[in-house]
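Let me begin by presenting the structure, written as structure tokens, before commenting on it.
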Amino acid sequence: MFIPHTESETGEMLKALGLKSIDELFEDIPDKYRFPKLDLPPALSEMEAFSMVQAISQSNESTQDLICFLGAGAYNHYIPAVVDAVISRGEFFTAYTPYQPEISQGTLQAVFEYQSLIAALTGMDVSNASHYDGATACAEAGVLAFHHFFGKRPRIVISPSLHPHYRETMRTYLQGYADVDIVGDESGVNPLLHPDQLVSKVDESTSLVLVQYPDFFGRIFDLSSLAESVHEKGALLGVAVNPLSLGLLKPPGEFGADIVVGEGQSLGIPLSFGGPYLGIFATRKELVRKLAGRLVGESVDQQGRKGYVLTLTAREQHIRREKSTSNICTNQGLMALASAVYLSSLGKNGMRAVANLCYQKAHYAASQIARVPGFAVLDDVPFFHEFIVHCPDSVEEINLHLLDHGILGGYDLGCDYPTLKNHMLIAVTEMVDKEDIDLLTEILGEAHHG
Amino acid sequence: MQTPSDLKYSKTDEWVKLDGSIAVIGITDYAQEQLSDVVFVEVPFAVGDAATKGKQCATVESVKAAAEVNFPVSGEISEINEALSSTPELLNTDPFGKAWIVKVKIKDAAELGDLMDAAAYIKYCEGRH
Amino acid sequence: MAEPTVFELSSPGRIGVRYPVPDVPESTMPDGLIRNSLPLPELSEQDIIRHYTRLSKLNYSVDGGLYPLGSCTMKYNPRVNEKAARLPGFAGVHPFQPVETVQGCLALMYNLQLTLAEISGFKGITLQPAAGAQGEFVGVAIIRAYHLSRKDEKRTKILIPDSAHGTNPASSAMKGFEIVPIPTDKDGNIDLAALTSACDETSAGLMLTNPNTLGLFETHVLEVIRIVHQAGALVYGDGANLNALLGIVRPGDLGIDIMHFNLHKTFSTPHGGGGPGSGPVGVTENLVDFLPTPVIDIIEDGSEDMAPLYGFRTPSHSIGRVKSFNGHFGMLVRAFTYISMYGGEGLRNISEYAVLNANYLLSRIRNEYKLAYDRVCMHEFVLEGRWDDAPGVIALDIAKRLMDYGFHPPTNYFPLIVHDALMIEPTETENKQTLDAFADALIAIALEAKNEPDLLKSAPHVTPVGRLDEVKAARDLVLCCWIPDRED
């Protein structure tokens, strides 16, 4: 355990306080409820505790044991050893929020660099220090848009091909705001619609149009005409990205996005059964004062030495309290650091290389699966590293069969989209070999006949 | 602390100068001193919008605080000081002159009735903190 | 010498991480969708390691020393937690895997739900919220949903003590509530008379931090809760200060209806330089149906020779999803591991020593500093950072001078109700020698304040940078430093 006091030290301290026992410090607690006995297992030593959790971890199957074709917003990528080496340094991971900049320049500069790397990757002017994840970043985009128009434009248009979790989270967050109306993904709407088809829902009461790029189904669209139409109506365009795909694809800053959000898990963050992940948020400089979350800015001290400091903090909860635009108190500090290390280590060449590997392998997989009788690949629209496969049987059954052969199959789209029953979303990353893809194709062939 | 005698003052540290039927509005020397270095001013209205006495008129941000400026009178906004968006620090250096925030066309001079004169405002400030 | 940025260290053509060439036939790229320039830096692995190693040396951290930050509970972060979270059977698991393949993860989460419920006296637990502030948001959303479910639309106000943390009113406002501040009395408790008159049929709830941000246990907590319940409102407990209550009292037993936990405070998960945290929420029996989705539950009962099947469930009146996937699983593993090393009695030791440490430290400096409220404190206490005979010296100056003595400053300017507040929480993982050294530094600084105030006003002197110009930072607003590609 981590309580260092010896018996004699405890005695000295009690003596200094004029007390006989520690219990005397708790006299303010109502008698009836004081010192409850907690019904918990007895304490374990470190050795026993680790052995126990290790056994628990071993009862799971993981992407270490299985060939992974599962994506849908969280991806199995290779994390270079250098990332963990940096974030395991105690000076980084046991540091507090950098409110005292003189002794936090390590964290502050690292976050400043993260902001810069994200701005460069997305083609936007400025990035904040991160949100919890892609879903909450989308919610914050809605909050920003609401406040940008002073509440006078209560409608938000979202695409049905925005990740289901992001859409749900936006609704949970925005229900508290007066008259906010989120439209675009109603049941009955074709989930595979072209983003330009959202324009009919955009009017003068719309603050934000939010789409995903590549979308939840992996598809890539040219969004420049959507951007024009949205701006014509005076609304903001938000784009939720897969940041790894931006190693290859045109960044939203180049085609008129006002806000770029996204899930940063693919940038050097382990899958870890869903979290902690990283919410990316970048925007144009005109919108910077409406940004929620932390921001690191550059400054100088009295001797003219360059330094970094949290800035525009008057926006935040600890000063504005109920007038702050959001209650965000934290960012995902260590995850932002991990992604900064990932982006700097891969750099220009590495990011292009890994995005290209994903693209190439996914397209090979698509072409192979398309040749399996009974299976059809939806490839009328360009895609990045995920694509939809129309299966002859239920996705659940096919996946059970794949699992028997050590393969983790794709996402069952029927769970979220009733018109996409028997449709599987397959993701392919650089972690998968040609042999793995050939094996997948072979087993799929069996699954249908089996 | 400066307190020009030809102005009227609100309990929430706004000043008003009546120019015919136009009320010029800003914040006082006391207010800018409390805020310290102003870095941002936002007026969430357009010319022609209604001004409602007691409701939010503008937000002023410094490094350590953000404060609401309230309309001390009701009427229609006739002008907004654009200079403050590029040079917010004017609020610290010239709060009664170049750093006026909005001008409001009022219907009724009686609106200013419950505002304090300079002497009353000085006394009011002395009693604070 | 300032450390250059990764962009300044970049050398065109330098390769960092190498990847193999594709092992599949080439596919063509879609027209017009590919980017031309990618202005990311080009560094070798050694460049990266040196750069970040040098940056790390500019940081203060728990590993390096005491953080006496009130309400932050900066306790030591055990290394075994890190080892556990990195196990491949945890780190390598995809959140959408079939539940049959992740029973270990689900069992751990289910177990943690039960454990937190036992510790706090609540019936239902959600592990979804990503941080304390998000836990608060969930709490406020549940309060709103609860009243609406009873068709009570009049309840539009949340009562918040004036000593509360800024996230309390911020979270309430996010759900459209009006804030009613409740004053603190001269003993550091909620003013009961003010509370009674504020509580009526428009009150949705009270947000209570206990012990409060003054480090004091609400002497009349049972009465406070009774008053609020009588008015038909709910009591939300901000669990930031739970480190004082483990095994001492269970908030659920006192009548609190909803409470959030901070795993990164009470349960030792690391602060990471500003996250990730984790903010589970506990609720009473009548609120379990409102919890966010998903909750971990047994979806198929076990038998003598078969373990139960764990899975996800959406509560019948759930407020909805608050983030993607399954909460901060990596932090849940750490907290679970930590708790297993303490057991019930060990958890009580944590709070006993957290409170002993705070009181001992207070006893060492109470002659030199004015105590805001003269009572036995819990795990933290609040001082005034100023003296009548040291005019011009403010809490900020004391904070900056402490850095010259090798300590991170305490929380300052919070709570707002104390002038020049210094909020100090040592936690239970600090030994007596460290407490004495910190007390000695504070005493030395008090003397300097009277005799050599300039030492404080111009502090810090020995840190990598001095006080930074925050006005310049906000006015010039330089928020990034990437360099466009030469190709552009």
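When reading the values below, keep in mind they use all heavy atoms of this one structure, side chains included, and skip hydrogens, waters and symmetry mates. Values in this document were obtained by computation on a predicted structure and should not be read as measured data.
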Does any heavy atom of chain C fall under 4.5 Å from the side chain of [X], the backbone, both, or neither of them?
X	result
A:P80	side chain
A:D125	backbone
A:P382	side chain
A:D222	both
A:L249	both
A:Y411	side chain
A:L17	side chain

Looking only at heavy atoms, what is the nearest atom pair of [X] and [Y], with distance?
X	Y	value
C:L356	A:L14	CD1-CD2, 3.9 Å
C:V478	A:F112	O-CE1, 3.4 Å
A:F50	C:K83	CZ-CE, 3.6 Å
A:R305	C:G466	NH2-N, 3.5 Å
C:P460	A:E102	CG-CG, 3.6 Å

In terms of heavy-atom pairs under 4.5 Å, which option from [options] contacts chain C the most?
options	value
A:G347, A:A135, A:A95	A:A95
A:A74, A:A340, A:P98	A:A74
A:E46, A:K306, A:Q58	A:E46
A:G90, A:A119, A:S59, A:P276	A:P276

Could you tell me which portion of [X] (side chain, backbone, both or neither) has an atom closer than 4.5 angstrom to a non-hydrogen atom of chain A?
X	result
C:L33	both
C:N77	side chain
C:E3	both
C:T53	both
C:H51	side chain
C:M29	both
C:R467	both
C:P292	neither
C:E352	both
C:R86	side chain
C:L87	side chain
C:K75	neither
C:M403	side chain
C:V333	neither

*On the 0 to 90° scale, with breaks at 30° and 60°, tag the C:Y353-A:H5 ring pair as parallel, tilted or perpendicular.*
tilted
Can you find a side-chain donor-acceptor pair between [X] and [Y] that sits under 3.5 Å?
X	Y	value
A:T107	C:N59	yes
C:Y76	A:T94	no
A:R89	C:S61	no
A:E61	C:H94	no

Within a radius of less than 6.0 Å around [atom1] of [X], do more than 12 heavy atoms belonging to other residues, nucleotides or ligands occur?
X	atom1	answer
A:E254	CD	yes
C:E118	CD	yes
C:E26	CD	no
A:E9	CD	yes
C:R18	CZ	no

For the side chain of [X] and the backbone of [Y], is there at least one donor-acceptor N/O pair under 3.5 Å apart?
X	Y	answer
C:N326	A:G274	no
C:R35	A:L246	yes
A:Y132	C:K323	no
A:N60	C:G89	yes
A:S116	C:C481	yes
A:T172	C:G320	no
A:K250	C:I34	no
A:Q64	C:G92	no
A:S299	C:D469	yes

_Whether A:E12 and C:K432 form a salt bridge (side-chain N of Lys/Arg under 4.0 Å from carboxylate O of Asp/Glu) is what I want to check._
yes
Can we call the ring centroids of [X] and [Y] under 6.0 Å apart?
X	Y	answer
C:F96	A:H165	yes
A:Y173	C:F137	yes
A:Y277	C:F325	yes

Gap between atom [atom2] of [Y] and atom [atom1] of [X] - 0.5 Å precision:
X	Y	atom1	atom2	answer
C:D23	A:L357	CG	CG	8.0 Å
A:T311	C:L479	OG1	CG	7.0 Å
A:Q105	C:S56	CD	OG	13.5 Å
C:R321	A:R171	CZ	CZ	13.5 Å
A:L271	C:F90	CG	CZ	14.5 Å
A:Y96	C:Y60	OH	OH	14.0 Å

*Give the member of C:L216, C:V102, C:I49, C:I15 that has the highest number of heavy-atom pairs under 4.5 Å with chain A.*
C:V102
*asked:* Evaluate A:F2 against C:I350 for side chain to side chain contact (heavy atoms under 4.5 Å, CB included), listing each step before the verdict.
replied: CA-CA 9 Å; A:F2 306 95; C:I350 290 174; over 6 Å; no
